[in-house]
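Below is one structure, written out as structure tokens, with a few remarks after it.
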Amino acid sequence: MPADLPPDQPPAVPPPLPTRASPEAPAAAPPAATPATVSRIVDLEGGTIHVGGCGEGHANPERMLLKYANRHGLIAGATGTGKTVTLQTLAESLSLAGVPVFLSDVKGDLAGMALKGGADPKLVQPFADRAATIGVTLDYQSFPVTFWDVFGEKGHPVRSTPAEMGPLLLSRLLDLTPAQEGVMNIAFHVADEQGLAVLDLADLQAMLVWVGENASDLRLRYGNVSAASIGAIQRALLVLETQGGARLFGEPALELSDLMRVDASGKGVVNILAADRLMQSPRLYSTFLLWLLSELFEQLPEVGDPEKPRIAFFFDEAHLLFDGAPDALVDKVEQVARLIRSKGVSVWFISQNPADIPETVLGQVGNRVQHALRAFTAKDQKALRMAAENYRPNPDFDTAEAIQNVGTGEAVTSFLQPKGVPGIVQRTLVRPPLSQLGAIADAERARIVGASALGLKYDKALDRESAREMLVARATEAADAGAAGHARGSDARRGGDGRATDGRGEDDLFRMDEGRGRRDRGGFDDDDRADDGPDRGEPERHTRGRRYRADEEDGYATPRTRRGAAPARRSQSDSIATAFGKSLARQIGTKAGQALVRGVLGSWSRGR
């Protein structure tokens with residue numbers, strides 16, 4: 001016992017030994033799923049989105065920079081590998097960052113974003129384990145959703161006008177030949193010149209009818225307009241109308257500002273296009289998406305490199321955009337993909353294989369999520385190697401082998417790093433979604449659609465005066481003017497009491513005056529009539545067949561013989577001689593006749 005302590009005082013209790021929880025304890029590597037490692041899904045200050053976990057045990061966060069999200073993206077993989085879940089999680093993250101989203105729901109299972117997740121007991125524990133593995137918390141929540149449908153059955157109607165879509169996309173939609181596409185361009189050009197608004201399918205059909213009726217007048221300026229081309233286009237429009245495609249055309253047309261909205265909480269509105277029925281007409285589906293992309297390119301202003309995209313588009317079944325597309329259309333898509341990033345638009349293509357996307361378009365994609373690819377054939381193995389070559393190699397694993405072996409919910413990813421440098425490829429476990437995974441009931445969808453304020457704007461179609469009504473009005477006006485002019489002409493030829501003033505009827509241009517001689521009326525004078533005799537019963541010549549001659553007294557020439565003499569009586573022998581002469585003349589025109597003439601002339605020449 002120390003000497004300085006009084007004898008009745010107990011010894012001091014030594015301080016406790018340091019533990020792991022004590023601040024003095026040495027730092028130890030905690031497990032990946034402890035709360036200390038939990039990160040936010042969206043970090044607006046850092047400008048990142050937590051996509052999932054990568055590295056050893058998927059403990060390291062794999063993030064995408066919001067600043068480079070407008071460099072477009074690709075989600076690829078075989079059926080059942082998790083592409084839809086990845087699409088949903090990325091759409092949720094962008095919505096949380098305040099970015100409006102437009103996506104096409106091909107299978108109907110993206111509608112669950114309108115409801116809070118965690119309702120399916122079979123998914124609660126697997127999703128919780130995955131979230132703990134990658135270091136995020138599952139804050140289940142719903143997202144602001146607006147449903148759209150071209151057919152107006154599962155959402156607000158989506159309409160465009162033929163004038164907005166243009167002849168190029170319409171020609172692809174109708175699968176027209178180059179000659180028929182030229183006729184379509186003529187119809188649109190004439191409509192612009194004449195101030196005729198082509199707002200729906202009926203307007204376009206009326207314009208084609210007008211072009212066909214005035215083809216002779218348009219030919220010298222625009223080239224040949226064949227009735228066959230007009231008929232082929234009209235038949236294609238009829239097929240489109242039968243398939244329900246006519247509902248795409250009309251007013252009110254979709255305004256892009258209604259797709260770029262943010263709700264009161266700051267979340268970007270998720271616009272979901274019901275595409276399950278639309279997919280039955282692949283050309284209609286792809287043409288609509290291409291039109292939407294081109295409208296964004298033409299209308300949005302330049303913003304340079306924003307801190308986050310202004311809107312993000314996810315095009316599922318992206319191979320339909322390019323199947324059978326002409327080179328001019330592929331070039332247009334490439335141009336839009338290359339230039340639209342400076343307008344703050346992020347475009348994501350979703351397809352089973354990266355080879356479905358043209359190389360020129362794929363070269364514009366900076367962010368890639370590759371789910372498993374199956375390589376059962378030599379062609380599949382070649383596609384697998386080509387897909388692996390698109391990534392920056394990682395020394396820890398073989399990229400081609402990883403693409404073939406990743407499991408469901410896992411993907412090979414690469415996102416752009418600072419300064420736009422492609423990131424090293426990683427094996428990433430994608431985070432689970434916060435909203436409901438799967439479809440929703442029809443009653444729930446109808447409730448959401450009915451509560452949307454956009455229904456007052458789009459649900460009821462408008463039919464204002466356009467090309468069809470204008471052309472009908474012009475035709476009616478022309479017909480009325482013609483009838484009025486005809487009536488005025490008839491009144492001028494009649495007196496005030498309604499009787500003819502000069503003894504002529506309505507066809508007075510072809511009738512002769514009553515005081516003219518028999519030569520004028522019948523083509524024969526009295527002497528000719530006397531020579532022939534009344535017993536021949538020869539009919540009087542019809543005056544309407546006479547040719548106009550300026551040197552005649554009344555302006556009409558009297559039928560005469562070649563030398564100007566009156567026609568003489570013809571005998572039977574004259575008729576036979578005339579027939580023989582005509583036959584001989586025809587024979588001389590043939591090869592045999594020419595040979596006969598040469599032989600006769602040759603004999604006569606030798607005889608001399």
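Along the sequence shown, residues carry numbers from 1.
The minimum heavy-atom distance linking F297 with L339 is given by the pair CE1-CB, 3.5 Å. F188 and P162 make their closest contact through CE2-O, 3.3 Å (heavy atoms, listed as atom of the first residue, atom of the second, distance). Shown here for P432 and I134, the closest heavy-atom pair between the two residues is CD-CD1, 4.4 Å. The heavy-atom pair separating N70 from P306 by the smallest distance is ND2-CD, 3.7 Å. Nearest heavy-atom pair across L196 and A467 is CB-CB, 3.9 Å. Considering every non-hydrogen atom in both A111 and R445, the closest pair reads CB-NH2, 3.6 Å.
Using a distance-only test at 3.5 Å, with no hydrogens or angles considered, no donor-acceptor pair links the side chain of N394 to the main chain of F397. With N271 contributing its side chain and L259 its backbone, the two residues share a donor-acceptor pair below 3.5 Å. A donor-acceptor pair under 3.5 Å links the side-chain atoms of Q436 to the main chain of A439, judged by distance alone. Side chain of Y68 to backbone of V421: no donor-acceptor contact under 3.5 angstrom is found. A distance-only check finds no donor-acceptor pair linking the side chain of H50 to the backbone of P61 [under 3.5 Å]. In this structure, H72 contributes its side chain and V365 its backbone to no donor-acceptor pair below 3.5 Å.
Side-chain polar atoms of T413 and E62 form a donor-acceptor pair below 3.5 angstrom. Checked by atom type, the side-chain pair T161/E251 shows no donor-acceptor distance below 3.5 Å. There is no side-chain donor-acceptor pair under 3.5 Å between R392 and T399.
Note that R63 lies outside the cation-pi zone of F415, set by a 6.0 Å cut-off to the ring centre and a 45° limit from the axis.
Considering CG of L169 and CZ of R283, their distance stands at 12.0 Å, rounded to 0.5 Å. Between the CD1 atom in I233 and the CD atom in Q180 there is a gap of 5.5 Å [rounded to 0.5 Å]. For the atom pair S294 OG and L289 CG, the distance stands at 10.5 Å (nearest 0.5 Å). One distance of note links CE of M165 with CG of L292; it measures 9.5 Å at 0.5 Å rounding. For the atom pair R159 CZ and L462 CG, the distance stands at 7.5 Å (nearest 0.5 Å). Atoms CG and CZ, from L293 and F102 in turn, are 11.0 Å apart once rounded to the nearest 0.5 Å.
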Evaluate the criterion side-chain hydrogen bond (donor to acceptor under 3.5 Å, both in side chains) for residue pair S452 and H156; output intermediate values, then yes/no. CA-CA 9 Å; S452 174; H156 301 301; 3.1 Å; yes
Dump the intermediate steps for salt bridge (charged side-chain N to carboxylate O under 4.0 Å, His left out) on R374 and D380, then the final yes or no. CA-CA 7 Å; R374 311 305 180 197; D380 294 338; over 6 Å; no
Show your working on side chain to side chain contact (heavy atoms under 4.5 Å, CB included) between F349 and F313 and close with a plain yes or no. CA-CA 8 Å; F349 301 100; F313 274 79; over 6 Å; no
Show, in sequence, the C-alpha distance, side-chain angles and deciding distance for L384 and Q404, and conclude whether the side chain to side chain contact (heavy atoms under 4.5 Å, CB included) test is met. CA-CA 8 Å; L384 176 63; Q404 193 172 4; 3.5 Å; yes
Please report the C-alpha distance between Q88 and S435 in whole Å, then the side-chain angles of each, then the deciding distance to 0.1 Å, and finally whether the side chain to side chain contact (heavy atoms under 4.5 Å, CB included) criterion is met. CA-CA 9 Å; Q88 184 169 337; S435 56; 2.9 Å; yes
Test side chain to side chain contact (heavy atoms under 4.5 Å, CB included) on Q205 and E241; report intermediate values, then the result. CA-CA 11 Å; Q205 291 169 334; E241 185 176 6; 3.7 Å; yes
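A 4.5 Å side-chain heavy-atom check between L173 and L284 finds at least one atom pair inside the cut-off. Counting only heavy atoms from C-beta outward, the side chains of V347 and R341 never approach each other to under 4.5 Å. Side-chain contact between L174 and E181: absent, with no pair of heavy atoms (C-beta onward) separated by less than 4.5 Å. Annotation: side chain of L240 is in contact with side chain of F249 (closest heavy-atom distance under 4.5 Å). Looking at heavy atoms from C-beta onward, L208 lies in side-chain contact with L237 at the 4.5 angstrom threshold. Looking at heavy atoms from C-beta onward, L65 lies out of side-chain contact with L416 at the 4.5 angstrom threshold. Taking the side chain as every heavy atom from C-beta outward, R71 and D305 approach each other to under 4.5 Å. Inter-residue side-chain proximity for L168 and M184 is flagged as unmet; no heavy-atom pair is nearer than 4.5 Å.
Scored by the salt bridge (Lys or Arg N to Asp or Glu O under 4.0 Å) test, D43 finds R40 as partners (sequence neighbours excluded). The salt bridge (Lys or Arg N to Asp or Glu O under 4.0 Å) check on E334 picks up R338, with sequence neighbours excluded.
Under the salt bridge (charged side-chain N to carboxylate O under 4.0 Å, His left out) criterion, the residue pairs touching residues 133-156 are E153-R247, E153-R277, K154-D276, with sequence neighbours excluded. The stretch residues 343-352 participates, sequence neighbours left out, in these side chain to side chain donor-acceptor pair (under 3.5 Å) pairs: T79-Q352, S346-W348, S351-D356. For residues 357-373, the side chain to side chain donor-acceptor pair (under 3.5 Å) pairs, not counting sequence neighbours, are T86-H371. Among residues at least two apart or in separate chains, side chain to side chain donor-acceptor pair (under 3.5 Å) pairs with a member in residues 95-112 are T84-K107, S104-Y285.
Using a 4.0 Å cut-off between charged side-chain N and carboxylate O, K457 and D258 make a salt bridge.
Among K267, R431, Q141, the single residue meeting the side-chain hydrogen bond (donor to acceptor under 3.5 Å, both in side chains) criterion with E92 is R431. For the side-chain contact (heavy atoms from CB on, under 4.5 Å) with L103, the qualifying choice from V270, L90, L273, D316 is V270, the only one to do so.
E56 CD: 12 or fewer foreign heavy atoms inside a 6.0 Å radius.
Less than 6.0 angstrom separates the ring centroid of Y458 from the ring centroid of W148.
Ring orientation note: the planes of W291 and F288 are tilted relative to one another, at an angle of 30° to 60°.
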